[in-house]
Amino acid sequence: MPNSLSSTHRNSKQNLRSEDIFRHLISSVTDYAIFVLDPKGNIASWNSGAELLKGYKADEIIGKHLSIFYTAPDLAIDKPGYELRIASEVGRFEDEGWRLRKDGSRFWASVVITRLLDDEGQLLGFGKITRDLTERRASELRHKLLIEGVLDYAIYFMDVNGNVGSWNLGAERLKGYRADEIIGQHFSKFYSVDDRATGLPQQVLKTAEAEGHFEGEGWRYRKDGTRFWASVVVTPLRDEEGTLYGYCKITRDLTERRKLLESLQQHSEELELQVREREQINAELEAFAYSVSHDLRAPLRAIAGFADILKEDYGSQLNAEANDYLGEITGAAARMNSMIQDLMEYGRVARIDIPFAPIQLLSAVDRALVQIERPPDSTLQVEVAPDLTVCAHSVVLVQVIVNLLSNAFKFSQPEGHCEVCVTAEADDKHVRLSVRDNGIGIAPQYRERIWNVFERLHDRDTFAGSGIGLAIVKRAVARMNGSCGLESEVGQGSTFWVQLERVATKGEGKE
Amino acid sequence: MPHESILLVEDDPADVRLIQRAFNKLNSDVTVHRLSNGDDAIAYLAGDSPYDNRAAYPMPSVVLLDIKLPRRSGFEVLEWVRRQASAVRRLPVVMLTSSKFPADINRAYDLGVNSYLAKPQTPSELDQLASEFRLYWLNLNEDPDLHGGPSQRVLL
């Protein structure tokens, strides 16, 4: 193998041996094409790496000119000649660019050309090392394109001091600077004067370096002086030895989201305030209603009291008409008293804490039956299974049943037999108690209204009552997480029902 | 039986008449002195003018005290009584009020009331109350000494 180098260094046995080793080393390297050019650029040696990379065998290529590897555009500007000239003048030439293989395909080459001089300084030729970086270039390009093309994030690199080293489109769009305006400048430019004064930018870098990561939100400033709410992530960049060589910074504009969050928060605060105000107003109204109804009873007690006394002490001296008037006073006072009492009860049901406990439905019905007055000619049927237990407040539940039962007995047909039937049906979760009567019934247009306070469908001469009973039922059932309703047919009767949460009883399933 | 008197502190004139009538019907020698506000009640019990003549304005055996009163509430009167260094602090006090608020009832007992009664709705119920009240507080109940000076026991 002709080699102009070998003769000049063959001085001793030792040299010879180390040179042999060296030559073997070079020829066996496969990852790099390593070969020698004579001063004119003709190929003088060829290693296996060169063969692998470029596709030529040594006997095909030795003696050929270097330009065989160059693309047409490079040849048009005599790039091979330029490279050799620079290398011979400066001692070294480095480049990356497209080169050609034997089969005409191209690869991205990293090229180092080194000038070789003899002891007298005469140009012997050039050493050339070429590496295939096609893959690495492709992947770098992909990353570069990826970062540059991202519009929604400002992504840029900074050196260890915080000077901007790269700038993507997102950064340009977000901050308003072009790459050539900002590269080389310190990133504290994006911070407010106050933040700069307190050293926040330096703190950010310090934190990122110490903790491997910095994440934060804050106001940042654009080139035009306007600000935006930025979400920032700073990551320190370290080489293989762990030495810090810069930072990567990713910034996102969250101004809109912040505005949205703020307005949402404001909204919910306003709502909360409204709810609190309403609760307070309600509480005040309840207290007011209670206190008014309470105070109303004092003069009423006087009216009823003195009417009673008048009747007791002077009844015998009054004629029948006067006694009748006294009876009117007493009756009206009694009605008003029961109205006020019902109103207070209605307010109380809303106000008091209702502690729930499992209550046997049948026992509540029994306790209610004791409290009501039944017309003498009425029949009552109770079909409630003893194992049905509901979640309720016992006093309130009994009150509910009393109200339903007294309505059932009250609104009976003017003539005829009054029949009331109490039944209960249940599924796994609920128990529905129904009170059915064969009374006058309720026309469809009134079925909503009758649940309201002081709602009466009849004049007092026909049916007595305060008109609050069903309002209490509705409110009480709602307080016990239940519901209520009715079915009715005019002239046939009504069925009022309340539904409450069921409590599983111990004996259930065994009976 | 020594002459007994009740101090009734009640601002509603109708209630006053009804209560007085009920006690009058008992045909006993019980005298009911009536005051219409909290300030007067305290002046009476303290023996301040115009109540400085104990012959005309005797120390009562028991006070019937309403809660809602002009100037000073029944609670304030009760507090004042129990705060006294003199034997007046032993005075039996019974609330007679239309309030059945648990908060009112508890507060009265916290302040040291001896009994708490709700005003009855009808004259006949009131008659019964007056009769049983007299029997209990004026006959059965042992009276404390109300005329001693400051005692050794000091309430803090």
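Proteins get letters first, then strands, A, B, ... in listed order; numbering begins at 1 in each. Source: prediction; values computed, not measured.
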Exercise. At what distance, to the nearest 0.5 angstrom, does CG of B/Leu126 lie from CG of A/Asp308?
Worked result: 11.0 Å
Exercise. Taking atom CG of A/Asp313 and atom NZ of B/Lys25, what is their separation to the nearest 0.5 Å?
Worked result: 6.5 Å
Exercise. Would the number of heavy atoms belonging to other residues, nucleotides or ligands and lying under 6.0 Å from OH of A/Tyr325 be above 12?
Worked result: no
Seminar exercise, completed: Answer key: most heavy-atom pairs under 4.5 Å with chain A among B/Pro123, B/Ala14, B/Pro13 is B/Pro123
Problem set entry | Within 6.0 angstrom of B/Arg54 CZ, more than 12 heavy atoms from elsewhere | yes
Exercise. Do the non-hydrogen side-chain atoms of A/Ile309 and B/Arg17 ever get within less than 4.5 Å of each other?
Worked result: no
Problem set entry | Side chain to side chain, A/Glu312 and B/Ser124, heavy atoms closer than 4.5 Å | no
Exercise. How close do B/Leu18 and A/Ala302 get, heavy atom to heavy atom, and via which atoms?
Worked result: CD1-CA, 4.2 Å
Problem set entry | Minimal non-hydrogen separation, B/Ser98 against A/Arg301, with atom names | CB-NH1, 3.8 Å
